[in-house]
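Proteins get letters first, then strands, A, B, ... in listed order; numbering begins at 1 in each.
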2 protein chains.
Amino acid sequence: MSRGFAVDDYTARLARAQAGMQHEGLGAILLTTQPDVLYFTGFLTRFWESPSRPWFVILPAQGDPVAVIPSIGAALMGTTWIKDIRTWSAPDPVDDGVSLLADALREIGGPVGVPSHLETHLRMPLADFDRVKAASGQVFTDDRRIVAGCRAIKSDAEIAKIADICAIAGRAFDRVTEIAAPGVALSQVFRDFQRLLLEEGADWVPYLAGGAGPEGYGDVISPATDAPLAAGDVLMLDTGAVRDGYFCDYDRNFAIGAASDAQRAAHARLIEATQAGLEAARPGATASDVWRAMADIVGGGEGAGRLGHGLGLQLTEGLSLTARDHTELRAGMVITLEPGIKTAPGRMMVHEENIVITDGTPRALSPLAGPTLTVI
Amino acid sequence: MSRGFAVDDYTARLARAQAGMQHEGLGAILLTTQPDVLYFTGFLTRFWESPSRPWFVILPAQGDPVAVIPSIGAALMGTTWIKDIRTWSAPDPVDDGVSLLADALREIGGPVGVPSHLETHLRMPLADFDRVKAASGQVFTDDRRIVAGCRAIKSDAEIAKIADICAIAGRAFDRVTEIAAPGVALSQVFRDFQRLLLEEGADWVPYLAGGAGPEGYGDVISPATDAPLAAGDVLMLDTGAVRDGYFCDYDRNFAIGAASDAQRAAHARLIEATQAGLEAARPGATASDVWRAMADIVGGGEGAGRLGHGLGLQLTEGLSLTARDHTELRAGMVITLEPGIKTAPGRMMVHEENIVITDGTPRALSPLAGPTLTVI
C-alpha cells in the first residue's frame with residue numbers, strides 16, 4: 001500500500017499470531033472481517049461497505065497467509081505482501097466461495113480458530129459457515145482471543161498513524177468557529193464538520209456523533225436533527241475519522257455565545273476526571289482501575305457506564321474502561337479516556353481524549369483540552 | 001425519527017414479515033444488523049460503527065417487535081414506534097445481553113429464524129450465539145429469506161428517499177469541475193468529492209470509489225493514491241452516499257482536458273448497454289435477463305461479472321445482475337445498472353445508474369447520463 005507498513009511489520013504480526021496458535025494448539029485462524037484482514041495483510045478498501053461478497057484470509061500455524069477472495073479483489077490483494085491468493089467469481093448464488101475455502105482449510109489443517117468473543121462477529125452467511133465446516137472436515141473452535149490480543153498492542157508505526165488522524169481532527173476542531181453559530185441547524189454543523197475533517201486530511205469519516213442544548217445533550221448516539229443551535233447551548237462533536245485505515249475517536253465541547261456557570265463547572269470536572277485517568281493509566285493497572293479513577297470524580301458509580309475504550313483499526317476495540325473489565329494495561333495500547341457527567345435529568349456532557357500507554361506517563365495523541373470551556 | 005416514516009409504514013413491513021413467518025412456521029425472527037433493525041424499527045444511528053455492543057430486535061410471529069439493546073440506545077429506540085425495549089449495561093464481559101435475549105426468545109417462542117443466506121451475517125459474537133441457543137431452549141433455523149424479501153420491494157416513501165440522495169449526488173457530480181484538473185492528486189479529488197456530497201445534502205458518505213488513467217482504470221475497489229490527474233486521463237467517481245439511511249450508488253466518468261476516441265467509444269458503448277438494461281428491466285424478467293441484455297453489448301460473457309445489483313438501506317442488497325442470478329424483477333425493486341467494459345489489458349471503464357422497476361418503463365432515480373463523455 002502506498003501509505004501502509006513495511007512487510008516486516010506484517011510478518012511480525014503473523015509471528016505473534018502463530019506463537020499464540022502453537023501455544024493453543026490451533027492449526028489455523030480464519031479471518032472474515034475488514035479490520036482483521038487489514039491488520040494481517042494490508043488490504044485496505046472501502047468495498048467492505050457492500051455486503052454482497054465475503055472475504056476470507058487463513059492464518060496457518062506455520063507458513064504464510066492464504067487469501068480466499070472474490071476475483072474483483074485479486075488485483076488489490078496482489079499489491080500487498082500476500083502471495084497465495086485464491087479467487088472465485090462472487091457473488092455466486094450456488095457456491096459463494098464455500099468449496100474454495102473448505103479446500104484451503106482442509107489443505108492447511110485444523111483445529112480452525114474463529115474470532116468468537118466480545119466485539120467480534122463472523123462476516124459470512126451462517127448457512128455457508130455450516131457448509132464450510134462440513135465440507136472442510138476440520139474441527140472449528142474459537143480463536144482463544146489471539147487476534148484481539150495481537151491487535152491490542154500497537155507498533156510505533158501504528159501509533160504514528162493514529163497520531164496523524166488525531167492531529168487532523170485537532171485542526172478540524174480548531175475550525176469549528178467557521179461552522180457553528182446561533183441559528184445553524186445541528187444537521188448542518190454535522191455535515192460541515194465532516195467537510196472540515198476531509199479538508200484537513202481525513203480519508204473518510206466513518207463516525208460522527210454529537211449533541212447540543214443549554215444543559216448538555218440527551219445522548220451521544222442520536223443523529224443530528226434540523227433544530228438550530230441557540231446562544232447558551234453547549235455543542236459537542238465526537239468524531240471517528242480515518243486515515244490509512246486507523247481511527248481517532250475524541251470529542252470537543254463548545255459553549256455557543258457564552259458559557260453558563262454550570263457548563264463551565266461540568267467541563268472542568270470532566271477535565272479533572274480525564275487527568276485522573278491519565279494518572280491511573282500505567283502498565284499493570286487494569287481497565288477497571290482507570291475507570292474507577294475517573295468515576296470517583298464524575299460520580300454515578302457503575303451507572304457511570306463505559307468511560308473509555310481501546311482504539312485503532314476500529315472506532316472502539318479491545319478493552320472497555322468499565323467496573324467489570326479487568327484487562328491489564330500494557331505499553332503500546334491505545335485507549336480513549338471518555339468521562340461523562342450528568343448535568344440535568346436526562347442530560348449529560350462528555351469529554352474524550354486519545355492516549356497511548358507507555359512504560360511511564362501515557363503519551364497524548366489528541367491535543368489535550370484545558371479546563372476552560374471554549375466559547376465560540 | 002424526524003425524517004423517518006409513518007408508523008403505518010413500519011406496521012406494514014412487520015405484517016409482511018409476519019405473513020411469511022406464519023407461512024413458514026417460524027415463531028420469531030432475530031435481527032442483529034444495522035439495516036435489518038433500521039428497516040423494521042426506524043432506529044437510525046452511526047453508533048453501529050462501534051463493534052463493542054450487539055443489538056437485537058425480535059420480530060414475533062404475532063404481536064409487536066421486542067428490542068433487546070444496550071442501555072445507551074434506550075432513549076433513541078424510545079423515539080421509534082417500538083414499545084417493548086429491554087436493556088442491559090453493555091459491554092458486559094460476563095453476560096453481554098445473552099440472558100436477556102434468551103429470556104425474551106423463550107417468552108416469544110420459536111422456531112427462531114435468523115437471516116443466514118447470501119449477503120447476510122450475524123452481528124454478535126459466535127460464542128454468545130451458541131450460549132443464546134442453549135439458554136433459550138428454542139430451535140434456531142434460517143429466516144427463509146423473509147427479511148431480504150421484505151426489504152427487496154420498496155414503498156413509495158422509500159423510493160422517494162433514494163431519489164433524494166440520488167439528486168444530491170447528481171448536484172455533486174455537476175460540480176466535479178471545481179475539484180478535478182490536471183495535477184490534482186486523486187486522493188485529493190476523493191476528499192473533495194466527499195465534501196461536495198456533504199455540501200449538497202448527504203448525511204454522510206459511507207462509500208467512495210473511483211480511478212483514473214488514460215486507458216481507463218485498473219479496478220474499482222482500490223483506495224485513491226496521491227498520483228496526480230493528467231490531461232488525457234479518464235476519471236471515474238462512484239459514490240454510495242446516504243440520506244436518512246438510504247443509499248445512492250452510481251458513478252460518472254470525466255475526460256480530463258480532452259477525450260480520446262477510445263474513451264468516447266467506450267463511454268458510448270456503456271451508455272448503449274445501460275439503455276439495453278433499461279429496456280430489459282421489466283417485471284417478470286430475471287436478473288440474468290437484464291445482465292444478458294447488457295453483457296451482449298459490453299462483451300466478455302460470464303467474465304463480464306456483476307453488471308448491477310439491488311440498492312436501498314445498503315450500498316448493495318438483494319439481487320445481482322449476473323448470469324447465475326435468476327431472481328424475478330418486481331415493481332418496487334430499486335436496482336443499479338452497472339455495465340463495465342475492458343479498455344486495455346488490466347484496464348476498464350464502468351458506468352452506473354439507479355432505477356426503480358415499475359409496471360411499465362423503469363423510472364430513473366439518478367439523472368441518466370447521455371452518450372457523450374463529459375470533458376472537464
Side-chain angles (χ1 to χ4, degrees), chain A residues 2 44-47 49-52 72-73 75-76 89 91-94 96 114 116-127 142 187 190-192 194-195 198-199 202-209 218-219 221-223 225-226 240 302 305-306 309 314-317 320 322 324-325 346, chain B residues 2 44-47 49-52 72-73 75-76 89 91-94 96 114 116-127 142 187 190-192 194-195 198-199 202-209 218-219 221-223 225-226 240 302 305-306 309 314-317 320 322 324-325 346:
Chain A
S2 56
L44 177 61
T45 170
R46 296 178 77 170
F47 202 63
E49 185 66 34
S50 164
S52 297
I72 196 170
L76 181 59
S89 179
D92 182 328
V94 176
D96 206 33
V114 180
S116 302
H117 297 294
L118 209 63
E119 302 196 337
T120 69
H121 70 267
L122 179 76
R123 189 186 178 276
M124 69 178 294
L126 277 182
D142 73 278
S187 55
F190 272 40
R191 280 196 191 91
D192 285 340
Q194 295 177 87
R195 169 175 64 76
L198 292 162
E199 288 178 359
D203 289 334
W204 61 86
V205 186
Y207 186 70
L208 178 62
D219 71 35
I221 76 164
S222 293
T225 70
D226 296 335
E302 284 210 25
R306 183 159 90 149
H309 52 78
Q314 287 174 286
L315 177 70
T316 76
E317 61 176 47
S320 289
T322 62
R324 297 186 189 193
D325 188 332
Chain B
S2 55
L44 177 61
T45 170
R46 296 178 76 171
F47 202 63
E49 185 66 35
S50 165
S52 298
I72 197 171
L76 182 59
S89 179
D92 183 329
V94 176
D96 205 34
V114 180
S116 301
H117 297 295
L118 211 62
E119 302 196 337
T120 69
H121 69 267
L122 180 77
R123 189 186 178 280
M124 69 180 292
L126 277 181
D142 72 279
S187 55
F190 271 39
R191 280 196 192 91
D192 285 340
Q194 296 177 86
R195 169 176 62 78
L198 292 161
E199 286 178 2
D203 290 333
W204 62 86
V205 186
Y207 187 71
L208 177 64
D219 72 34
I221 76 165
S222 293
T225 70
D226 296 334
E302 284 208 29
R306 182 159 91 147
H309 52 78
Q314 287 173 287
L315 177 70
T316 77
E317 61 176 48
S320 289
T322 62
R324 297 186 189 192
D325 188 332

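- Only the side chain of B/Ser320 comes within contact range of chain A, with heavy atoms under 4.5 Å apart.
- Of the listed residues (A/Asp325, A/Leu122, A/Asp219), the greatest number of heavy-atom pairs within a distance under 4.5 Å of chain B belongs to A/Leu122.
- Each of B/Thr120, B/Leu315, B/Asp96, B/Thr316 has some count of heavy-atom pairs under 4.5 Å with chain A, and the biggest count is that of B/Thr316.
- Using a distance-only test at 3.5 Å, with no hydrogens or angles considered, a donor-acceptor pair links the side chain of B/Arg46 to the main chain of A/Pro206.
- When heavy atoms are compared at a cutoff of 4.5 Å, A/Val94 does not approach chain B at all.
- Nearest heavy atom pair, residue B/Ala202 against residue A/Arg191, reads O-NE, 2.8 Å.
- When each of A/Ile221, A/Leu126, A/Leu118, A/Leu208 is scored by its heavy-atom pairs under 4.5 Å with chain B, the top score falls to A/Ile221.
- A/Asp192 does not touch chain B: none of its heavy atoms, backbone or side chain, sits under 4.5 Å away.
- Within the 4.5 angstrom heavy-atom criterion, only side-chain atoms of A/Glu199, from C-beta onward, approach chain B.
- Rounding to the nearest 0.5 angstrom, the gap separating the CZ atom in A/Phe47 from the CD1 atom in A/Ile72 is 4.0 Å.
- You'll find the side chain of A/Glu119 reaches within 4.5 Å of the side chain of B/Ser52, heavy atoms only.
- Using a 4.5 Å cut-off between heavy atoms, A/Asp142 makes no contact with chain B at all.
- At least one side-chain heavy atom of B/Leu76 sits under 4.5 Å from a side-chain heavy atom of A/Pro223.
- Counting heavy-atom pairs under 4.5 Å between each of A/Ser187, A/Ser222, A/Gly240 and chain B puts A/Ser222 at the top.
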For side chain to side chain contact (heavy atoms under 4.5 Å, CB included), just list the numbers for A/His309 and B/Ser50, CA-CA rounded to whole Å, side-chain angles, deciding distance to a tenth of an Å, and then say yes or no.
CA-CA 11 Å; A/His309 52 78; B/Ser50 165; over 6 Å; no
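- Interface residue A/Gln314: only side-chain heavy atoms are found under 4.5 Å from chain B.
- Both the backbone and the side chain of B/Asp92 have a heavy atom closer than 4.5 Å to some heavy atom of chain A.
- With a threshold of 4.5 angstrom between heavy atoms, B/Arg324 approaches chain A through its backbone and through its side chain.
- For the atom pair CZ of A/Arg195 and CG of A/Leu198, the computed distance is 9.5 Å after rounding to the nearest 0.5 Å.
- Across A/Thr322, A/Val114, A/Val205, A/Asp203, the residue that shares the most heavy-atom pairs under 4.5 angstrom with chain B is A/Asp203.
- For A/Tyr207, the parts sitting under 4.5 Å from any heavy atom of chain B are the backbone and the side chain alike.
- Top candidate by heavy-atom pairs under 4.5 Å with chain B, chosen from A/Ala209, A/Ala127, A/Ser116, is A/Ser116.
- Note: A/Pro91 leads A/Pro91, A/Ser89, A/Ala75, A/Gly346 in heavy-atom pairs under 4.5 Å with chain B.
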